[in-house]
Amino acid sequence: MPTPDAQDHLIALKAQFDRHAAEAADDNLEAVRAELEHKLALAEPPDSATVLGHLRDWEARLAVDHPLLSGLLTDTIIKLESLGL
């Protein structure tokens with residue numbers, strides 16, 4: 001389960017994601033944003049390995065068309081791993 005610091009990083013990622021998604025108007029980006037929002041809203045969040053797996057998957061899906069957002073995901077993964085997630 002994500003720690004409070006990890007949850008804060010994920011919420012910050014969502015805010016940055018939303019800001020960039022509003023400018024892009026891309027179905028793939030919208031799907032990833034919706035998945036992120038759904039995962040953050042779960043009453044029982046997934047375990048740490050699952051969270052990192054989702055982030056890595058989204059990072060790969062966005063790498064070509066949205067390198068800025070892919071970079072945000074990379075930074076978030078590094079931060080979460082440094083927190084011991």
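Throughout, residue positions are numbered sequentially from 1 according to the sequence presented.
- Here the rule is side-chain contact (heavy atoms from CB on, under 4.5 Å) with H54, and of L52, V51, T50 only T50 fits it.
- There is a side-chain donor-acceptor pair under 3.5 Å between T74 and E59.
- Residues satisfying the side-chain hydrogen bond (donor to acceptor under 3.5 Å, both in side chains) test with D57, not counting sequence neighbours, are R61.
- S82 contributes a side-chain N or O that, together with a main-chain N or O of K79, makes up a donor-acceptor pair within less than 3.5 Å.
- Here CG of L80 is found 8.0 Å from CD1 of I77. Values are rounded to the nearest 0.5 Å.
- Remark: W58 CH2 to T76 OG1 distance equals 11.0 Å, nearest 0.5 Å.
- One finds the CG atom of L55 at 11.5 Å from the CG atom of L72 (value rounded to the nearest 0.5 Å).
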